[in-house]
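Below is one structure; the comments refer to it alone.
Just the heavy atoms: all of them, side chains too, but no hydrogens, waters or symmetry mates, feed the values below. Note that the structure is a prediction, hence the values are computed from the model and not measured.
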Amino acid sequence: MKQFPSLLLKKDISYEELNKIIALAKTNNDDAMVDLSEYVYSRIYSYVYYRVNHREDTEDLVSEIVLKLIRALPKQRGNFNAWMYKIAKNAIIDFYRRRGVRSETSLSEIPYDIPDQSTPVSEIILTKEKLRKALSILTEEQQRVIILKFIEGYTNPEIAETMGKSIGAVKLLQFRALKSLKEFFKKKGL
Amino acid sequence: MKDKIEEILDKLLKRTQKGEDIESLLKEYPQLADELRPLLKLAVEIEDIPKPELDADAISILVAKVRQTMRSRKPSVGFSLKNLFTLHPIISRTVTAIVLVFVLALTTVFMSANSLPGNPLYQIKRISEKIHYAITFNDEGKAELHLIFANRRTHEFESSFKIGEKIDRKLLMKMLEETASAVDISQNLSADHAPLIRQKIALCNKKQLAVLENTKQYACQCDIDIIQTAIKKCRELHACLGCEQTPCNDPYCPCNE
């Protein structure tokens, strides 16, 4: 097993550290640029993974986003994470536009092994694949809240800043997203 | 005030993340328990899903691509307009604002060039003349400027008379003052520069005399005196310029009287 090139992939870094890396990367410092690329890669990977249907597509798209971001870095202003997710969001939209398909997957297309109807939600073993398909019924903003909050572990204020919304709006999106997911699993008998 | 359900859900989610039991938490909200229970359980399940594994090979390839992109970047040499917008936002905004103000000021001054007294742009024209004069430090330049201003006032006097058929006395005074100032300054000039300036002043003076004589023909009787006075001053100025030293072809010249 190869070691990751940097600890940035494994540990959480503070805003101060991140800002230092960004400032250095803007001066075309190679090491800072690599650190920043790894940071971006690790942060957007889940976001892209849950919004794209194949692992190979995820890898390609994440690399594309990182390179796009590196090229556009001199123009970056304001909150870095918000900017990073905006680039990722646009890249995903472009990806589906290129493919000529909608990002949402039809419910009927989702192949599930229908379990016993009496199985309560709590007893379902939720897998990445099932979640990925279930997330596709949500709006883009709801998906983003679920991924950032429960998968990436961001706090409400961080999500609000990243999405340019109020904390109240984030809570409402979170409630509606969980409710829609619950309804979806219920309909599917999961 | 009662909390909204999304607020309660968020509070309970925070507590489940700290390890509190869902069922015991729901006892605090018995009326919402049925609605919140599946949401909390679902949230916990999503959190329990392991994060997608990152592919070390893919990262290594990406790092190589990033390094390649860095190498292919041309080092910026000297100043380019593109660099201006990659500066610190405050600097770039300030520079942009200065450039905009400068362009706006230049455009306004340009537009005011043909304005006449009474036009709002005329004041801008006069202010720009004062600024131009204030930043001119040598006598030769100042004499040239007085001459330019004298020619402008002559043109303005003639144009405003054609439009309104009335004499603008202030403008007439200013026209003569500018010419007189040019003469005064020309007396301090070196022998190299003085003759050319005085030649130009003579031409301006001649033009002013012609305009005044023409205006006199159509002016109201009440303005005849002031025009006559102005003509007299112009002729005196003509004499001052030393035309008596050479044969003078000017029919209005006092030397020919």
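Summarising the local packing, NZ of A/K89 is surrounded by 12 or fewer heavy atoms from other residues, nucleotides or ligands at distances under 6.0 Å. No more than 12 heavy atoms of other residues, nucleotides or ligands shown are found within 6.0 angstrom of CG on B/N114. Other residues, nucleotides and ligands contribute at most 12 non-hydrogen atoms within 6.0 Å of the NZ atom of A/K20. For B/K207, the NZ atom sits in a loose shell: 12 or fewer heavy atoms of surrounding residues, nucleotides or ligands are nearer than 6.0 Å. Counting heavy-atom neighbours within 6.0 Å of B/E23 CD, excluding the residue itself, gives a total above 12.
Here the CE-CG distance, from B/M70 to A/D31, works out to 9.0 Å after rounding to the nearest 0.5 Å. The CD atom of B/E7 sits 9.5 Å away from atom CG of A/L172, with the distance rounded to the nearest 0.5 Å. Interatomic distance, B/K65 NZ to A/I70 CD1, rounded to the nearest 0.5 Å: 13.0 Å. Note that the CG atom of A/L67 and the OG1 atom of B/T69 stand 5.0 Å from one another [nearest 0.5 Å]. Note that CD1 of B/I46 is 5.5 Å distant from CG of A/L131, once rounded to the nearest 0.5 Å. Rounding to the nearest 0.5 Å gives a distance of 11.0 Å between NZ of A/K171 and CD1 of B/I8.
With contacts defined as side-chain heavy-atom distances shorter than 4.5 Å, the pair B/L13/A/L178 qualifies. Using a 4.5 Å heavy-atom threshold, the side chains of A/Y50 and B/P52 count as touching.
Interface remark: B/I49 contributes side-chain atoms only to the contact with chain A (heavy atom separation under 4.5 Å). Proximity to chain A is absent for every atom of B/I61, based on heavy atoms less than 4.5 angstrom apart. Contacts of A/N29 with chain B are made by backbone atoms alone, with heavy-atom separations under 4.5 Å and no side-chain atom involved.
Between B/I5 and A/F175 the shortest heavy-atom distance is CG2-CZ, 3.5 Å. Residues A/E38 and B/I59 come closest through the heavy atom pair CG-CG2, 4.3 Å. Minimum heavy-atom separation, B/L54 to A/R55: N-NH2, 4.4 Å. Scanning both residues, A/S37 and B/L62, for their nearest heavy atoms gives O-CD2, 4.4 Å. Counting all heavy atoms, side chain and backbone alike, B/P50 lies closest to A/K128 at O-CD, 3.6 Å.
Ranked by heavy-atom pairs under 4.5 Å with chain A, the first of B/L39, B/L36, B/D10 is B/D10.
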Go through it in stages, so that I can follow the logic: the residues are A/K149 and B/E47, the test is salt bridge (Lys or Arg N to Asp or Glu O under 4.0 Å), and I'd like the CA-CA distance, side-chain angles, deciding distance and then a yes or no.
CA-CA 9 Å; A/K149 177 85 180 261; B/E47 281 174 327; over 6 Å; no

Before you tell me yes or no, could you show the steps for B/E6 and A/R176 under salt bridge (Lys or Arg N to Asp or Glu O under 4.0 Å), namely the whole-Å CA-CA distance, both residues' side-chain angles and the distance that decides it to 0.1 Å?
CA-CA 8 Å; B/E6 64 268 19; A/R176 287 182 179 158; over 6 Å; no

